[in-house]
Structure formats: C-alpha cells, structure tokens
Trainee: 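I have a structure I would like to understand better, so I am pasting it below and will then ask my questions one at a time.
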Amino acid sequence: MYSRRAFVTLAAGTAALPLLPETAASAASTASVTSVTPADRLDPTAFTSVLTALPPDPYAVVLGGPGFEAPADGTGDATAALQAAVDEASRRGIANGLGDILGGARDFPPGDGGGVVLVPEGTYWLSAPVNVHDSVRVIGYGRRRPRFVLGANSPGYASGTARDVFAFRRRPVGGPVTYANNDTFGSALVNLDITIEPGNPDAIAVRFGGAQLCLLQDLDIDAGQGRAGIDHNANLIHRVRVRGGEVGLNAFAASAGWQTTLLDCRFEGQRRAAVVLNNDAKLVVVRAVVARTPRAFESAPGQWQHLYIQDSHFQDVGDVAVVLNDSASIPGADDDRIRRSNQLTLLNCTTSATKDLLLLAGSGARTSAGRPSALVRELTYGLRVERALSGRETRREGVHADLTAGAPVTRVRANLRADTPPPPAVRTWVSVADVAAGMGRTIGAGEDDLAVFQAAVDRHDTVFVPIGRYVLSGTLRLRRTSNLIGLHPRQTWLLAADGHPNFTDPAAPRALVSTPQGGRNVVTGIGLDTARQTAGAVNLLWRSGADSYLADVTTQFVKWHPADAPSGDPGYTYRGAHKYGIWVRGGGGTFANVWSMNGWAENGLLVEDTDVPARLYEISVEHHETREVVLRGVSGWRFLGLQTEDHIYGWRSQAVEIERGRDILLANSVLFRVATVLGPHPYGVSVRDSRRVTLRGNRGYRDKTPEFTQWGAAVFDHRTGRSVPEIEFTLIDLA
C-alpha cells in the first residue's frame, strides 16, 4: 500500500515511489501483486530532479537574480517575483523574434514571446495565480526540485469558482490575454513540485493548454484538498505524479482537437477519479499507475472518447478502472461515425485489488477484472475489423476481453520500465558558446557557425546550445555518443545557410544534423530550420540505434501552397522547397513530442529500410502537399499518438503511406482534415506489400463539410484494391 510518509518524502525529491507490493520477498519473481503484504517493491522509474545544476544559458531569466529576488525558504510571498520573471522571459522572446509563428497576422504584433525562466532549488510560497505566457518555459534545477506551495487559505481559492495556481496563457503583450489555445506553442513546466495546502478547495495546480510542443514534465503535484492537479491538457504530460485532489487530471480535447499523451505518470488518492474525460479528450496513456481512487478514468455523460491505455497498472481502484458511456446512448449514435467514435483499448495492463475494468454507463454492464490481480492482455470497446483487407475480414462491435488471472510483480515492473531517459547530468554539459570562446570565435551573429559546432561535438559528448539562432553551412555530424541539448526548441535554432551549394541539390539531399548508424544519441530541445533556397536540404537524418532518444524537437513552421496563394496568414509567406523533413534511414529508438511542419518538404517524416525498433509518442506531422508520414521497408515501429494535419491548399495530402512494412502499430491516431480543406481524399492510410499492420483507435472525420473533412476510407491496399471504409474504429488488424 502507499503510505503518507512515502508520499511526503517523495515530494521532497527522493528517488522512487514504493507502490508495487509482493506477496513474499522470497518469491519476488513469481508472486502476484496484492494489496495487503508486508514488503514493497520500488517503482522502476526514478522521480528525482533531472537538472541538478544551473543550465549554462545566459539568455534565460533566473528567479532570485537581480530584479527577480524571491525568498526561497517559504517565508515570504514569491508570486510577484515569479510573475515578473515570466513576463521578462516573454519580453525577451518578443524582442528576439525567434519563436515567431504568427508573424503579425490576425491583428497580433510580430513575435510570439517565449523564453526560459530557471528556478533554483528551494521552497517558494505563492498566494495568487501565475500566468505562464505563450511559449515560456519555467524550469527548475537543483539537487532537489524547487517546490511551489499555495499557502493555506489563500484568498480566492474557496469562492466556489475554480482558480489556477499556474495557468498557461497566450499573448501577454499587444493582444488579448486568454487561456492557451491553438495559437500557443512550446510552453512548459519542467522539473518542479507544486503543493496545495489546506483551505483551498477550488484550487487547480496547473491549467494546462496549447497546440504543439507544450509540456508538463518531471513534476510532483500534491493537490491535497483542491479541485484538481491538472485541468485541461495539451501535448505531452511526462513523468508527472499527482496525489490527492478531487480529480488528478480534468481532461478535454487539446487544441485544436489533438490527442494528449500521458507517459510514465502516476495518480494516487483522488477523491472522485484519477482522470475525468470531458469532450473527447483522446488520451494516449502509457506506463501509468493509478492507485487508491474510486475510478481511474471516468467519461463525462453524453461524451464519446478515444482512450488508449497500454502497459499500465491499476492498484486498489475501488469501483472500476474505466467508465465509458454506452455507445448506443450517446447523442447522435444513429450516425455510425459518432457511435464508433467511442473507442477504448487496454493493452498489456495489470491490476491489483481492482474489481472491475469497464463500466458502460447507461446499460450498466460491467467487465470484471478478477481478484486479487489480473493481466489484461487486451480489452477493447468499439468496432473491431479483424483480418482486414483479406477474404476472411470480419467485423464486430462491443466489448472484447482477453484476461488472465494473476499479475506477477516482475511483469508489472517490466511494463513500467521507461524508455525515455532523463537528460545527461548538467555537470557534463559543455556549452557551445564556451567552445567558441576557446577558439576565439563568436557564434549566433549570422556568420557560419558550423566549424565551432563540429568542434564541440567532436570533443565533448554532451553539447549544450543556448537560446539563439546559429547558421550552419553544412551537415553537423554527431558521433555515436554525442548528445545535443537545448532548453526550448522554438528559441534555440540551427539554421541552414540559405542558398549554400551544400543544400541546393535535391538529387543529393543533405541534412542539417545527422546521427551515425547505431548511435546512442540524445537530441532534445532543438529547432531545425532548413531556410528557403535549399531544395536539397533535410532537417534531420536519424540513423541512431534502439537506445537513442529524440524529443522536444521541431522544424520551421511553413505550409505548402500554390505560388499564387495569398500571403499574410501564418505559414503562407514562404516560397522554399526541400527534400525531406525528418529522414530516418536504418535507425530507430524513442521519439517524443516532435513537431515536423516543414510543409515544403516532400514529406514530413520519411522512414526507410530499418528493423531497429522505435517507439514514437505524441508525434505531429503537418502541412505537406502530398504525404505526411512515409514508411518504406520498416518493421517494429510503434506510433502512439500520431497526429497529421492538412490545410486549405493541402487537400491532396495523404496521412500515412506504408510500403513493405512489418509489425507496425498506429495507436490512437488523429488524422485531421481542417474545415477549410478544398477537396476530398480517398484514404488516410495506404499499404502495399505489408504485413501485421495494426491500427488501434482513430479520429478520421470532422462534421464540417464532411464530403471534404473525412477520409474516403481508413486504409487502402494498393496491390489488391481492397479498403476498410470505416473511418472511426477501435481496431483494424491487417493480418
């Protein structure tokens, strides 16, 4: 069982959470999980400070520095100082223009703001909401994570109306201030703890939101007697633990209708439910633990859900793991698309002292988990199309359950073992600016910086890139052990030298950054821009191995459009052409929170000739003319939360093309067609000479001009001419 002492200690920054008890210490390898045993097993994921020292970025704002003095011992109010630091980070971002997407469109001034606030270890007392402006990141550092505490009985948090502690906002300067929305990119809280003290029943620790690259990562939230730990959601919630509160996460459809991925998260002790699902929240949940709460996931009445849960554990969930509405009772259920939009998948999950797995509200039907523990090999609700695209194709709707009694502790721990490493220790980081100084050079001033960057990665394993824009005249080639680290991908750019002959030949494509075959590389927090007159440019060539990690990375934001398209709208002022966006050739590894929207490239993500396994979490590929994701000769790839998007001129764009593919999973995809799209497309996913391709959950239509905004079919086989016409489904299995 969880103990209060364990949670109090962990909030202060200890290494791991005791949560998986075993029946006997002498039988650890075979024992099943139960809830009343004398011994505890530790969570295999460490929840500690991932940045133990001050990152060497001179352009970040440091809380406690001159002009931003704040008591760090919990004895004085730090609210004003923290807000001033966030305001200053946003001001710097507006001044440098590095994060600008809107470009003066929609009556907003140029510059989206954006920047970094670094918070040292300590305890900071808050008494009122802190607005995290568009594209600002608040990042803690120190041996223990900094801890923000909403003081007991703070004014305004017991009025009957929900009130935030941290709120993601957009447009702090020159435009209306609103909650974060589909024009919000790159905001984050990282490596912080938040505690709500008693007497604040209406408090919400974080009001999350945004469209792309938004992040909650490495947080401990003690919601106490408050309403919720997190309210609303954006892209990635990663290594976040929420204790207490009426609700852990109050989830909604993320802007502008995307899914949200919960990765390596923990929820414990909520009074109502760990997660409440509102208007089609589209959650992808991987390696979560939910414990000591009546319900784990609960749908609001009358709503359909796209809910995918994998490798997760339910412990002491008193009533039921998942509450969904009966599909037949949802308003509009006579429309097949709406009825089949109600989708649930539980895959390779485990339970302990959890009686029921699924309750269908309306009919009241329950699916039992069995006691004292169970292995849920597969539980689905919705449309299943099995042996698809063959003469033996079958269809059925409803509940499908494949359960086994008993969940060995070793199985639970193996499920929860993370594939997303923390960043390399800050003490190992070498700033590329320091390398430049040692060479007597200046970087980031518009001249060619390739020689300095290449020297840095040749000499040092972990190279840190401060906020700025750096020009490269050729490919930056990482070594097998090279790591490239930034803090903010929309403020830290590597830019191709425009028109340089190294990047102008599309017959000989060259990458801005490349990794070696089988490398153990970590690349995070970097933006890659291939400039304009660079028809042979590739943003990234990735050949790294199974233990590599690519995360929090973006390309430049441009949309393909005809030459006579009017300019002025974001993304439409560009006239370049590029070979590929992200190009994987013989590589794999783990990918998370990557945004590829270089719309003038032939495709956004091209993967070729690899059997190196890969897991891709919350990947967004958008705005290309004909194809977003292309897989050729690929096996062992798992997409969990793939999002694609066309646009008004990109109506010819297919979402996914698979040729000679094997053992590929697309889970809880959002293949989005915008309301202004100009024409139809016959299918979202095409296959050719491929086997064991599995699609689990899909959002494939909009009700605006449905003749254009939905796919003609979910999947099409070029060799046989067969297709699966249903565009909303829980499972399509291509045997």
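Owing to the predicted nature of the structure, the values given are computational and were not obtained by experimental measurement.
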Trainee: Kindly determine whether Leu383 and Arg395 satisfy side chain to side chain contact (heavy atoms under 4.5 Å, CB included), including the steps that lead there.
Mentor: CA-CA 7 Å; Leu383 173 66; Arg395 284 169 173 75; 4.3 Å; yes
Trainee: Where do Glu657 and Arg632 land on the salt bridge (charged side-chain N to carboxylate O under 4.0 Å, His left out) test, with the steps shown first?
Mentor: CA-CA 8 Å; Glu657 175 186 293; Arg632 294 175 181 153; 3.7 Å; yes
Trainee: Atom CD in Glu602, atom OG1 in Thr626: separation rounded to 0.5 Å?
Mentor: 7.5 Å
Trainee: Treating Ser312 as the side-chain partner and Ala288 as the backbone partner, does any N or O pair qualify as donor plus acceptor under 3.5 Å?
Mentor: yes
Trainee: Does the pair Phe503 and Thr530 meet the rule for a side chain to side chain contact (heavy atoms under 4.5 Å, CB included), with working shown?
Mentor: CA-CA 9 Å; Phe503 296 118; Thr530 47; over 6 Å; no
Trainee: What residues, two or more places apart in sequence or in another chain, satisfy ring-ring contact (aromatic ring centres under 6.0 Å, His included) together with His623?
Mentor: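 Here the qualifying residues are Phe557, His647.
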Trainee: When you check the side-chain N and O atoms of Thr515 and Arg543, is any donor under 3.5 Å from an acceptor?
Mentor: no
Trainee: With rounding to the nearest 0.5 angstrom, report the CG to CH2 distance, Leu277 to Trp304.
Mentor: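 So the gap between those two atoms works out to 14.0 Å.
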Trainee: Strictly by modelled atom types, are Asn539 and Thr555 linked by a side-chain donor-acceptor pair under 3.5 Å?
Mentor: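 Per modelled atom types, Asn539 and Thr555 side chains form no pair under 3.5 Å.
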Trainee: Go through the side-chain N and O atoms of Thr534 and His578 and say whether any donor and acceptor fall under 3.5 Å apart.
Mentor: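 There is such a pair between these side chains.
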Trainee: Counting only N and O atoms by type, is there a donor-acceptor contact under 3.5 Å from the side chain of Gln259 to the main-chain atoms of Leu642?
Mentor: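 Side chain of Gln259 to backbone of Leu642: a pair is present.
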Trainee: Restricting to non-hydrogen atoms, name the atom on Glu728 and the atom on Arg337 that form the minimum distance, rounded to 0.1 Å.
Mentor: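 Scanning both residues completely, I find the closest heavy atoms to be CG-O, 3.6 Å.
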Trainee: Look at the side chain of Asn698 and the backbone N and O of Ile727, then say whether any donor-acceptor pair between them is shorter than 3.5 Å.
Mentor: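 Yes, Asn698 side chain to Ile727 backbone: donor-acceptor pair under 3.5 Å.
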Trainee: Does the Ser548 side chain pair with the main chain of Ala546, one donor and one acceptor, at a distance under 3.5 Å?
Mentor: no
Trainee: Under 4.5 Å between any side-chain heavy atoms of Val629 and Asn603, yes or no?
Mentor: no
Trainee: Could you list the residues that satisfy ring-ring contact (aromatic ring centres under 6.0 Å, His included) with Tyr580, not counting sequence neighbours?
Mentor: Trp583
Trainee: Could Glu393 and Arg722 be called an ion pair, given the rule that one side-chain N must be under 4.0 Å from one carboxylate O?
Mentor: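 Looking at Arg722 together with Glu393, the answer is no, because their closest N to O distance does not fall below 4.0 Å.
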Trainee: So, are Lys559 and Glu622 salt-bridged, with charged N and O less than 4.0 Å apart?
Mentor: no
Trainee: Above 12 or not: heavy atoms from other molecules or residues under 6.0 Å from CZ of Arg692?
Mentor: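 More than 12 within 6.0 Å, yes.
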Trainee: CD1 of Ile648 to CG of Leu678: how many Å apart, nearest 0.5 Å?
Mentor: 5.0 Å
Trainee: Do the side chain of Gln212 and the main chain of Val594 share a donor and acceptor less than 3.5 angstrom apart?
Mentor: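 The answer is no, because no donor-acceptor pair under 3.5 Å joins these two groups.
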Trainee: Go through the steps for Arg615 and Thr590 under the test side chain to side chain donor-acceptor pair (under 3.5 Å), then give the verdict.
Mentor: CA-CA 5 Å; Arg615 293 80 50 199; Thr590 301; 2.5 Å; yes
Trainee: I want to check a possible cation-pi pair here: Arg673 against Trp651, using under 6.0 Å from ring centre and within 45° of the ring axis as the test.
Mentor: no
Trainee: Just by distance, do the side chain of Asp552 and the backbone of Ala592 share a donor-acceptor pair under 3.5 Å?
Mentor: no
Trainee: For Gln305 and Ala281, indicate whether the former's side chain and the latter's backbone hold a donor-acceptor pair under 3.5 Å.
Mentor: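 Pair found, side chain donor or acceptor close to backbone of Ala281.
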Trainee: Do Phe591 and Trp637 have ring centres separated by under 6.0 Å?
Mentor: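 So the answer is yes for these two rings.
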Trainee: Looking at side-chain heavy atoms only, is the closest gap between Leu263 and Leu640 below 4.5 Å?
Mentor: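 With C-beta onward as the side chain, the pair stays apart.
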Trainee: Less than 4.5 Å apart, any side-chain heavy atom of Met597 and any of Thr554?
Mentor: yes
Trainee: Just checking, any donor-acceptor pair under 3.5 angstrom between side chains of Asn342 and Ser327?
Mentor: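 Yes, because at least one side-chain N or O of Asn342 sits under 3.5 Å from a partner of the opposite role on Ser327.
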Trainee: In terms of side-chain geometry, is the basic nitrogen of Asp264 or Arg287 positioned less than 4.0 Å from the acidic oxygen of its partner?
Mentor: yes
Trainee: Yes or no on side chain to side chain contact (heavy atoms under 4.5 Å, CB included) for Tyr549 and Thr420, after CA distance, side-chain angles and deciding distance?
Mentor: CA-CA 7 Å; Tyr549 189 42; Thr420 53; 3.8 Å; yes
Trainee: Can any side-chain N or O of Ser514 pair as donor or acceptor with the backbone N or O of Ala511 at less than 3.5 Å?
Mentor: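 No: the side chain of Ser514 does not pair with the backbone of Ala511.
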Trainee: Testing the basics here: between Ser544 and Asn521, what is the closest heavy-atom pair and its distance to 0.1 Å?
Mentor: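 Heavy atoms only, the tightest pair is OG-OD1, 2.7 Å.
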Trainee: Find out whether Val538 and Arg510 are in side-chain contact, i.e. whether some heavy atom of one side chain is under 4.5 Å from a heavy atom of the other.
Mentor: no
Trainee: Quick check for you: to the nearest 0.5 Å, what is the distance between Leu671 atom CG and Gln710 atom CD?
Mentor: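 Leu671 CG to Gln710 CD: 13.0 Å, rounded to 0.5 Å.
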Trainee: Looking only at heavy atoms, what is the nearest atom pair of Ala211 and Cys214, with distance?
Mentor: N-SG, 4.2 Å
Trainee: Give the C-alpha distance, both sets of side-chain angles, the deciding distance and a yes or no for side chain to side chain contact (heavy atoms under 4.5 Å, CB included) between Arg652 and Trp560.
Mentor: CA-CA 11 Å; Arg652 293 185 291 265; Trp560 178 88; 3.0 Å; yes
Trainee: Do side-chain atoms of Asp611 reach the backbone of Ser635 as a donor and acceptor pair under 3.5 angstrom?
Mentor: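 Such a contact is absent between Asp611 side chain and Ser635 backbone.
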Trainee: Pick out which of Thr261, Asp419, Asn235 makes a side chain to side chain donor-acceptor pair (under 3.5 Å) with Tyr617.
Mentor: Asp419
Trainee: Are Ile309 and Phe297 close enough that some pair of their side-chain heavy atoms sits under 4.5 Å apart?
Mentor: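 Yes; the side chains approach each other to less than 4.5 Å.
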Trainee: Between Val621 and Arg627, is any pair of side-chain heavy atoms under 4.5 Å apart?
Mentor: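 No, too far: nothing below the 4.5 Å cut-off.
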Trainee: To the nearest 0.5 Å, what is the distance between CG on Asn325 and CD on Gln303?
Mentor: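 Separation between the atoms: 8.0 Å.
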Trainee: Test your reading of the model: is there a side-chain donor-acceptor pair from Asn668 to the backbone of Leu283, 3.5 Å cut-off?
Mentor: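 Side chain of Asn668 to backbone of Leu283, a donor-acceptor pair under 3.5 Å: yes, one is there.
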Trainee: State, yes or no, whether a side-chain contact exists between Phe672 and Arg702 at a heavy-atom distance under 4.5 Å.
Mentor: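 A side-chain contact under 4.5 Å exists here.
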Trainee: Can you confirm whether the side chains of His488 and Ser135 place a donor and an acceptor under 3.5 Å from each other?
Mentor: yes
Trainee: Heavy atoms only: give me the nearest Phe639-Leu605 pair and the separation to one decimal.
Mentor: CE2-CD2, 3.9 Å
Trainee: Between Asp280 and Lys282, does any side-chain N to carboxylate O distance fall below 4.0 Å?
Mentor: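 So Asp280 pairs with Lys282 through a salt bridge.
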Trainee: Are side-chain heavy atoms of Val523 and Trp542 found at a separation under 4.5 Å?
Mentor: yes
Trainee: Report the distance from atom CZ of Phe252 to atom OG1 of Thr260, rounding to the nearest 0.5 Å.
Mentor: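 Here the interatomic distance stands at 11.5 Å.
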Trainee: Which pair of heavy atoms, one from Thr504 and one from Pro506, lies closest together, and at what distance?
Mentor: O-CD, 3.2 Å
Trainee: Can you name the nearest heavy-atom pair linking Phe185 to Asp134, along with the distance?
Mentor: N-OD1, 3.3 Å
Trainee: Determine the interplanar angle of the Tyr572 and His561 rings, folded into 0 to 90°, and report it as parallel if under 30°, tilted if 30 to 60°, perpendicular if over 60°.
Mentor: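 Aromatic pair Tyr572/His561 classed perpendicular.
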Trainee: Measuring centre to centre across the rings, with the benzene-like ring taken for any Trp, is Tyr683 within less than 6.0 Å of His718?
Mentor: yes
